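This report concerns only the one structure given below.
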Protein chains: 2
Amino acid sequence: MTPSRRTQAASATRDAEAWLGNLELARTDGAAPDAEQPFRSVGFTISTTGYAIARRFQELLAPLGLHPRELALLQAVARDEGVTQQAIAERMGLFPSRMVALVDGLEKRRLLKRRHNPDDRRARALYLTPKGHQLLGRAFAVAIEQEQLLTSELTDEEREQLLELLARVGIHVGIPPGVHPGLGHAALADE
Amino acid sequence: MTPSRRTQAASATRDAEAWLGNLELARTDGAAPDAEQPFRSVGFTISTTGYAIARRFQELLAPLGLHPRELALLQAVARDEGVTQQAIAERMGLFPSRMVALVDGLEKRRLLKRRHNPDDRRARALYLTPKGHQLLGRAFAVAIEQEQLLTSELTDEEREQLLELLARVGIHVGIPPGVHPGLGHAALADE
DNA sequence: TATTGTTATACTCTATAACTATA
DNA sequence: TATAGTTATAGAGTATAACAATA
């Protein structure tokens with residue numbers, strides 16, 4: 001049933017790596033890894049689940065012709081029309097040279113456009129086109145749909161509690177307690 | 001205070017990407033992204049937290065000269081001494097050609113060694129050296145230390161509940177309910 | 001003829017450095 | 001002289017294909 005090992009790979013969308021996905025931790029007391037009672041690590045579980053979610057989201061986004069990174073850029077522009085490329089590059093933790101290619105691609109597809117900043121003709125201000133706004137809306141719909149699926153097994157209370165517990169864990173890896181949109185990721189981005 | 005944008009990058013260990021780390025979702029009802037009440041997405045939060053955990057783990061592992069992928073390999077061999085490269089490659093979702101480089105590196109460092117399988121002289125059986133066993137032990141110690149830090153703010157009950165809630169979310173992205181060590185990641189690895 | 005492991009090659013992605021046009 | 005954006009280049013990392021030894 002397993003296809004030949006030479007062809008099998010071609011189909012896989014095996015992009016990054018499953019992070020800790022292949023790692024199975026021993027029990028806390030240091031017993032042998034194959035001990036009877038399995039120890040489920042919180043870190044491992046969050047990491048694995050988070051990877052699977054991100055990956056699925058990327059798949060859901062693909063039909064729109066959008067990579068998560070592109071969506072992030074579109075959203076950053078929508079939130080703050082007229083920002084310069086550099087400002088966004090800094091906010092997203094990208095190199096200026098990467099920004100160029102990223103913006104090029106979206107501009108070619110008429111999702112956003114560059115204009116010269118009249119005050120400083122070196123700088124390029126970014127704006128979404130109507131088509132960009134529309135696609136952004138569709139991408140949000142996808143995200144919201146996934147979110148609803150993910151939480152479909154949870155009551156509102158459980159959902160809140162999950163977020164609260166995650167926050168208490170996240171503190172130890174540099175995720176600020178009150179994750180406000182627009183500020184949340186900054187700490188992550190620059191170490 | 002910000003260093004020149006030309007030099008700043010050199011220091012960054014900005015490896016993969018922050019997945020959904022830059023993505024901030026709108027509210028469920030589709031209101032404007034900058035609406036007053038922030039909506040915290042479960043998918044976004046798990047993904048971001050999991051990425052930060054994996055990344056921190058990678059940093060903690062670096063002083064041992066070990067990449068998570070190498071640790072995964074060492075552990076797979078420890079769990080099943082004498083396995084062939086191909087068996088492990090399949091289990092870890094790696095291409096045979098990638099396995100070669102991976103094993104080469106670890107063998108050069110005397111952490112494991114290849115032997116010819118007497119039954120089938122094409123196949124190479126993998127074994128850990130004592131040094132490999134020792135390093136694996138140290139890596140586990142690091143993992144356990146991180147796990148303890150991550151859960152230091154949680155009671156045992158809360159920890160169990162967090163795992164339970166995560167499992168209920170994970171079902172929707174293909175993570176099997178009872179994540180037994182040794183089986184857990186398989187579904188993820190080959191789509 | 002098929003299979004294990006290997007080597008060689010091509011391709012993608014990202015980081016660094018050099019360049020231009022403005023300031 | 002410094003800065004925003006761009007282009008060009010080099011370096012990882014990874015997938016594909018060709019190959020040698022063995023079955």
Side-chain angles (χ1 to χ4, degrees), chain A residues 2-19 58 67-70 73 77 82-108 112-126 189-191, chain B residues 2-19 58 67-70 73 77 82-108 112-126 189-191:
Chain A
T2 24
S4 147
R5 93 177 211 271
R6 305 295 173 187
T7 57
Q8 154 214 25
S11 68
T13 320
R14 189 174 294 140
D15 36 295
E17 73 190 30
W19 289 112
Q58 186 170 346
H67 186 278
R69 198 184 309 116
E70 295 174 314
L73 173 56
V77 175
V83 267
T84 66
Q85 285 189 202
Q86 178 167 291
I88 290 194
E90 213 160 293
R91 197 179 305 167
M92 288 178 60
L94 298 178
F95 288 90
S97 57
R98 276 192 71 192
M99 270 302 289
V100 174
L102 194 56
V103 172
D104 277 356
L106 295 176
E107 190 172 37
K108 211 163 290 173
L112 55 75
K113 59 186 167 186
R114 293 182 243 234
R115 290 195 209 140
H116 275 293
N117 185 332
D119 296 341
D120 181 345
R121 287 183 46 79
R122 291 174 305 181
R124 306 300 220 100
L126 301 180
D190 45 65
E191 178 79 0
Chain B
T2 24
S4 147
R5 95 178 208 272
R6 304 298 172 183
T7 57
Q8 154 213 25
S11 67
T13 320
R14 189 174 297 141
D15 35 296
E17 74 188 29
W19 289 112
Q58 186 170 346
H67 187 277
R69 199 184 308 117
E70 295 174 314
L73 174 57
V77 174
V83 270
T84 66
Q85 284 189 200
Q86 177 168 290
I88 290 194
E90 212 160 294
R91 197 179 304 166
M92 287 178 60
L94 298 178
F95 287 90
S97 56
R98 273 191 73 192
M99 270 302 288
V100 174
L102 195 54
V103 172
D104 276 356
L106 294 176
E107 190 172 36
K108 212 163 287 170
L112 55 75
K113 60 186 167 190
R114 292 182 244 235
R115 289 194 210 142
H116 275 293
N117 185 333
D119 296 341
D120 182 345
R121 288 182 47 77
R122 291 174 305 182
R124 307 299 221 100
L126 300 179
D190 45 64
E191 176 78 1

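From a predicted model like this one, the values you see are computed outputs, not experimental measurements. Lettering of chains follows the sequences in order, A, B, ..., and the numbering in each one begins at 1. When reading the values below, keep in mind they use all heavy atoms of this one structure, side chains included, and skip hydrogens, waters and symmetry mates.
Taking CZ of A/Arg115 as the start and CG of A/Leu126 as the end, the distance is 10.5 Å to the nearest 0.5 Å.
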Problem set entry | A/Met99 vs A/Arg124, side chain to side chain contact (heavy atoms under 4.5 Å, CB included): CA-CA, chis, key distance, verdict | CA-CA 12 Å; A/Met99 270 302 289; A/Arg124 306 300 220 100; over 6 Å; no

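If you take CZ of A/Arg124 and P of C/dT22, they are 10 Å apart, rounded to a whole angstrom. In this structure, CZ of A/Phe95 is placed 10 Å from P of C/dA17, rounded to the nearest angstrom. A/Asn117 has its CG atom 13 Å from the C1' atom of D/dG5, to the nearest Å. Residue B/Arg98 contributes atom CZ, which lies 20 Å from atom P of C/dA10 at whole-angstrom precision. The nearest whole Å value for the distance from the CG atom in A/Leu102 to the C1' atom in C/dC13 is 13 Å. In this structure, the NE2 atom of B/His116 is 9 Å from the P atom of C/dT6, given to the nearest Å. Rounding to whole angstrom units, CE of residue B/Met99 and P of C/dT7 are separated by 14 Å. When rounded to the nearest whole Å, the span between NZ of A/Lys108 and P of D/dT6 equals 12 Å.
Nearest nucleotide to the B/Gln86 side chain, out of C/dT4, C/dT6, D/dA23: C/dT4. Considering only side-chain atoms of A/Arg69, the nucleotide from D/dG5, C/dT14, C/dG5 that sits closest is C/dT14.
Counting only heavy atoms from C-beta outward, the side chains of A/Arg98 and A/Met92 never approach each other to under 4.5 Å.
Annotation: of the two residues near DNA chain D, B/Arg121 and A/Ala123, the 5′-most nearest-nucleotide partner is A/Ala123.
Side chain of A/Glu107 to backbone of A/Arg114: a donor-acceptor contact under 3.5 angstrom is found.
For D/dT3, the base has a donor-acceptor partner in the side chain of A/Arg122 [N/O atoms by modelled type, under 3.5 angstrom]. Taking 3.5 Å as the limit, the base of C/dT16 and the side chain of A/Ser97 contain a donor-acceptor pair of atoms between them.
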